[in-house]
A.B. asks: 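Take a look at the following structure, please.
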Amino acid sequence: MKREPVMYDQEKIKKMKNHELAMEAYFYAYNHKLFGGASQKKAVKCYEQIIPILDSDERINLPFISTYGRCYVATEKRLIKCTKKLFGYEIEERNWNEIKHIFYTSTASRGALILDTIYGEVKIGVHRDGAGYACEVLRKLKEASK
């Protein structure tokens, strides 16, 4: 069975509050082996920071969590990262035109997404079982953004 690249039904999303949406993002990442080193509470708080900055026509296509506990959301417009800092959160965004190529590696113990950006190579440690799927969806989103 092929996995659906969209997080869930858009009718359901319209009725959700930010916390509920953040919980859905976390469980989507967890169920698709796209989780890493963040607790549920920390990940949900990070996703709660990302959701308000999404444009009204944007939707979460792929939420995932790195092995270092950073939360990511991929949309058709951009890739957004949220990092918990000592005082608050830091949000970073990359538009798809800033990313030239997307690769992944997977070993017996870990996986990594490799983004070849105009600023240099960015490695994101991810769960080894979800690296291939995440790479496939990210490539589709990049292609769709052209």
Side-chain angles (χ1 to χ4, degrees), residues 1-14 16 18-84 89-146:
M1 185 172 132
K2 190 169 181 196
R3 295 187 210 178
E4 180 62 35
V6 177
M7 199 170 83
Y8 41 78
D9 180 25
Q10 292 304 300
E11 290 304 313
K12 184 178 176 185
I13 194 174
K14 291 176 185 174
M16 291 181 151
N18 283 357
H19 179 74
E20 294 169 323
L21 194 54
M23 290 291 287
E24 286 285 327
Y26 171 79
F27 284 113
Y28 180 91
Y30 186 84
N31 290 334
H32 288 81
K33 300 203 182 298
L34 301 169
F35 60 92
S39 68
Q40 177 181 340
K41 181 179 177 181
K42 179 181 171 187
V44 168
K45 286 289 186 191
C46 272
Y47 286 129
E48 286 176 344
Q49 307 305 307
I50 294 172
I51 291 165
I53 66 169
L54 296 176
D55 296 338
S56 61
D57 63 336
E58 260 183 310
R59 66 181 187 199
I60 298 172
N61 290 75
L62 182 72
F64 62 98
I65 305 164
S66 76
T67 52
Y68 297 111
R70 294 173 181 98
C71 295
Y72 292 82
V73 165
T75 71
E76 289 183 349
K77 293 182 178 181
R78 56 195 165 162
L79 180 64
I80 305 167
K81 174 176 90 170
C82 179
T83 306
K84 172 77 171 105
Y89 295 86
E90 179 182 338
I91 302 285
E92 291 180 46
E93 300 178 33
R94 291 209 189 274
N95 292 322
W96 291 117
N97 61 358
E98 297 175 5
I99 300 170
K100 296 187 276 184
H101 304 287
I102 303 167
F103 308 98
Y104 79 96
T105 61
S106 186
T107 65
S109 60
R110 63 183 77 155
L113 293 171
I114 303 164
L115 309 179
D116 181 16
T117 72
I118 58 175
Y119 308 109
E121 190 175 271
V122 176
K123 290 184 181 178
I124 304 169
V126 294
H127 191 284
R128 65 184 166 94
D129 294 337
Y133 172 66
C135 183
E136 176 187 331
V137 174
L138 293 176
R139 285 178 181 162
K140 286 179 182 177
L141 290 171
K142 178 178 173 29
E143 190 62 36
S145 72
K146 292 181 180 178

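Keep in mind that this is a model prediction, so the values were computed, not measured.
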A.B. asks: Would you sort out whether T117 and R94 count as a side chain to side chain contact (heavy atoms under 4.5 Å, CB included), showing the intermediate values?
C.D. replies: CA-CA 9 Å; T117 72; R94 291 209 189 274; 4.1 Å; yes
A.B. asks: After noting the C-alpha distance and the side-chain angles of I99 and V122, does the key distance pass the side chain to side chain contact (heavy atoms under 4.5 Å, CB included) rule?
C.D. replies: CA-CA 10 Å; I99 300 170; V122 176; over 6 Å; no
A.B. asks: Could you work out, with side chain to side chain contact (heavy atoms under 4.5 Å, CB included) as the rule, every residue matching Q49, not counting sequence neighbours?
C.D. replies: C82, Y89, I91
A.B. asks: Hey, what do you get for CG (D129) to OG (S106), rounding to the nearest 0.5 Å?
C.D. replies: 7.0 Å
A.B. asks: When rounded to the nearest 0.5 angstrom, what distance separates CG in L115 from CD in E121?
C.D. replies: 9.0 Å
A.B. asks: Check Y133 against Y28 and note the closest heavy-atom contact, atom names and distance.
C.D. replies: OH-OH, 2.7 Å
A.B. asks: May I ask you to decide if the ring planes of Y26 and Y30 are parallel, tilted or perpendicular, using 30° and 60° as cut-offs?
C.D. replies: parallel
A.B. asks: Tell me, do L138 and F103 make a side-chain contact under 4.5 Å, heavy atoms counted?
C.D. replies: no
A.B. asks: Would you call D55 and K77 a side-chain contact if the rule is heavy atoms closer than 4.5 Å?
C.D. replies: yes
A.B. asks: Please check if the number of heavy atoms outside K45 that lie under 6.0 Å from its NZ is greater than 12.
C.D. replies: no
A.B. asks: Can you name the one residue among L79, L62, I60 that meets side chain to side chain contact (heavy atoms under 4.5 Å, CB included) with V73?
C.D. replies: I60
A.B. asks: Grab the two heavy atoms, one from A131 and one from L113, that are nearest each other, plus how far apart they are.
C.D. replies: O-CD2, 3.6 Å
A.B. asks: Taking atom NZ of K100 as the centre, report whether more than 12 heavy atoms of other residues, nucleotides or ligands fall under 6.0 Å from it.
C.D. replies: yes
A.B. asks: Nearest 0.5 Å please: distance from the OG atom of S39 over to the CD1 atom of I65.
C.D. replies: 9.0 Å
A.B. asks: Under a 4.0 Å N-O cut-off, is there an ion pair linking R139 with E143?
C.D. replies: no
A.B. asks: Kindly give the heavy-atom pair with the smallest separation between Y72 and R70, and that separation in Å.
C.D. replies: CD1-O, 3.6 Å
A.B. asks: For a salt bridge (charged side-chain N to carboxylate O under 4.0 Å, His left out) check, start with the C-alpha distance between E93 and R78, then their side-chain angles and the critical distance, and finish with the verdict.
C.D. replies: CA-CA 7 Å; E93 300 178 33; R78 56 195 165 162; 2.5 Å; yes
A.B. asks: Ignoring hydrogens and angles, tell me if any N or O in the side chain of K142 forms a donor-acceptor pair with the backbone of W96 under 3.5 Å.
C.D. replies: yes
A.B. asks: Give the ring-plane orientation class for H127 versus F35, where under 30° counts as parallel, over 60° as perpendicular and anything between as tilted.
C.D. replies: tilted
A.B. asks: Please find the pair of heavy atoms, one from P63 and one from A25, that lie closest to each other, and give the distance.
C.D. replies: CG-O, 3.5 Å
A.B. asks: On a heavy-atom basis, which atom in S145 and which in E76 lie closest, and how many Å separate them?
C.D. replies: CB-O, 3.5 Å
A.B. asks: Do Y104 and R128 have side-chain heavy atoms sitting under 4.5 Å apart?
C.D. replies: no
A.B. asks: Please give me the minimum heavy-atom distance between T105 and I114, naming the atom from each residue.
C.D. replies: CG2-CD1, 3.8 Å
